[in-house]
Amino acid sequence: MNYPKVILKSGKDQSVRRYHPWIFSGAIKKIIGNVNEGDLVYVTDNKDEFLAIGHYQIGSIMVRIISFEEKEIEDSIWKEKIEKAYELRKMTGIATSENNNVYRLVHAEGDGLPGLIIDFYNGTAVIQMHSIGMYLNREHIVNALKEVLGDKLTAVYDKSENTIPFKSDIEAKNGYIYGESSENIVLEYGNKFKINWEEGQKTGFFVDQRENRKLVAEYSKGRSVLNVFGYTGGFSVYAMKGDAKLVHSVDSSKKAIELTNENIDLNFEDTSRHEAFAVDAFEYLNNIDNKYDLIILDPPAFAKHQNVLHNALQGYKRLNIKAIEQIKPGGILFTFSCSQVVSKENFRKTIFTAATNTGRNVRILHQLNQPVDHPINVYHPESEYLKGLVVYVE
Ligand code: SAH
């Protein structure tokens with residue numbers, strides 16, 4: 001095999017032997033051969049024993065592993081891996097259900113494809129690449145998608161402009177790399193959503209909250225619901241479907257509020273139960289005493305790095321104190337964190353501290369996480385990022 005060689009320091013082979021798909025810069029002893037960003041490299045331990053093959057990139061994560069098998073990486077690998085990912089979505093029913101045509105097709109490390117995210121929106125695949133190696137294989141990835149999805153695929157939109165490391169030589173531009181799509185209404189468990197992948201956040205929609213939205217519907221009957229950090233109004237649509245008495249959506253972005261209103265209009269003839277406010281969440285929560293008996297808090301990731309973890313936890317605490325303090329007796333709080341660096345234990349402790357602060361009797365009813373189309377690679381605990389608690393406040 002003629003790949004440049006990356007030799008690890010003594011003892012630094014342990015995590016690779018446990019199939020962790022990242023190699024950090026500090027683990028590398030030397031590199032033999034001429035290597036460019038995005039190239040495949042052959043990784044060995046200190047004694048020249050083969051460990052893995054992966055994409056090289058300058059940065060703290062220097063190699064993202066594509067294969068733990070010692071074999072030439074053929075172009076067919078893309079189709080093989082994407083097909084496996086699709087089979088899993090079919091097996092779990094999420095890609096075959098009649099009332100659902102939006103799901104995550106590829107969840108990076110969770111599908112053995114570090115650096116690659118693909119969300120499927122009723123015919124349009126929106127792909128987001130986080131590594132140069134993936135970016136250089138765009139064409140293979142598109143061809144694989146065409147082969148695997150067949151006539152289910154009408155367009156592929158590449159949204160990597162802001163996810164490719166800005167220091168690299170690549171100037172990624174967002175745009176269609178196959179077909180073009182004007183149809184952007186999707187169905188999630190029978191609910192309609194307008195998705196704007198060109199302008200929206202991330203790939204356009206937070207697919208990861210699907211099951212949790214469904215649970216909100218189950219608790220909404222007769223309740224006054226407040227959906228904070230609502231974005232597309234996903235939770236609000238489900239609360240309305242679940243016969244909430246009233247639903248209020250809050251997001252600081254005007255665009256998000258417009259989108260929320262559009263999505264409510266798409267699903268309901270009579271929208272008088274719903275109202276949306278473009279205001280800051282912390283401000284809005286200053287004065288909601290006894291107004292709501294179901295509150296959803298789904299903030300953006302407060303911590304993107306370990307070094308700001310403490311501040312992030314303080315943010316979650318402040319937010320949850322406000323909600324727990326003021327929710328009506330017998331109220332239900334759905335509270336989430338999507339920060340990868342906030343562990344399940346840390347999040348739970350934060351809610352515990354918030355509850356203690358209010359002195360109210362709080363009990364956990366559900367512990368929530370990410371859905372089946374966001375699988376967690378057991379060898380890569382970092383792929384688990386979404387956590388939520390449903391608590392009952394007496
Ligand atoms: N719950 C949403 C996803 C939330 S994403 C869903 O189910 O799809 C986080 C949202 O929080 C974004 O729409 C962003 O505009 C909003 N946001 C960020 N900071 C905010 C703040 N201080 N006050 C209100 N909204 C905020």
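One is the number of the first residue; the rest follow in order along the sequence. First listed ligand is number 1; within each ligand, the first listed atom is number 1.
With ring centers used as reference points, Y379 lies under 6.0 Å from Y19.
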task: Applying side chain to side chain donor-acceptor pair (under 3.5 Å), run through N184 and K194 and close with a yes or a no.
output: CA-CA 6 Å; N184 58 353; K194 186 179 159 190; 5.9 Å; no
message: Let's go through W22 and E109 carefully: what are the C-alpha distance in whole Å and the side-chain angles of both, what is the deciding distance for side chain to side chain donor-acceptor pair (under 3.5 Å) to 0.1 Å, and is it a yes or a no?
response: CA-CA 9 Å; W22 294 345; E109 288 82 1; 2.8 Å; yes
field: Stepwise side chain to side chain donor-acceptor pair (under 3.5 Å) check, H248 with Y292
entry: CA-CA 9 Å; H248 287 167; Y292 303 105; 2.6 Å; yes
Just the distances, no angles: every ligand 1 N or O to protein N or O pair closer than 3.5 Å, one line each.
unit_1	atom_1	unit_2	atom_2	d
ligand 1	1 (N)	F229	O	3.0
ligand 1	1 (N)	D298	OD2	2.7
ligand 1	7 (O)	R213	NH1	3.0
ligand 1	13 (O)	Q201	NE2	3.0
ligand 1	13 (O)	D251	OD2	2.7
ligand 1	15 (O)	D251	OD1	2.7
ligand 1	22 (N)	D280	OD1	2.8
ligand 1	23 (N)	A281	N	2.8
ligand 1	25 (N)	S252	N	3.0
ligand 1	25 (N)	S252	OG	3.2

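Remark: of the listed residues K214, R213, E188, E188 is the sole one forming a side-chain hydrogen bond (donor to acceptor under 3.5 Å, both in side chains) with Y238.
Listed by chain and number, the residues in a salt bridge (Lys or Arg N to Asp or Glu O under 4.0 Å) with E325 amount to none (sequence neighbours excluded).
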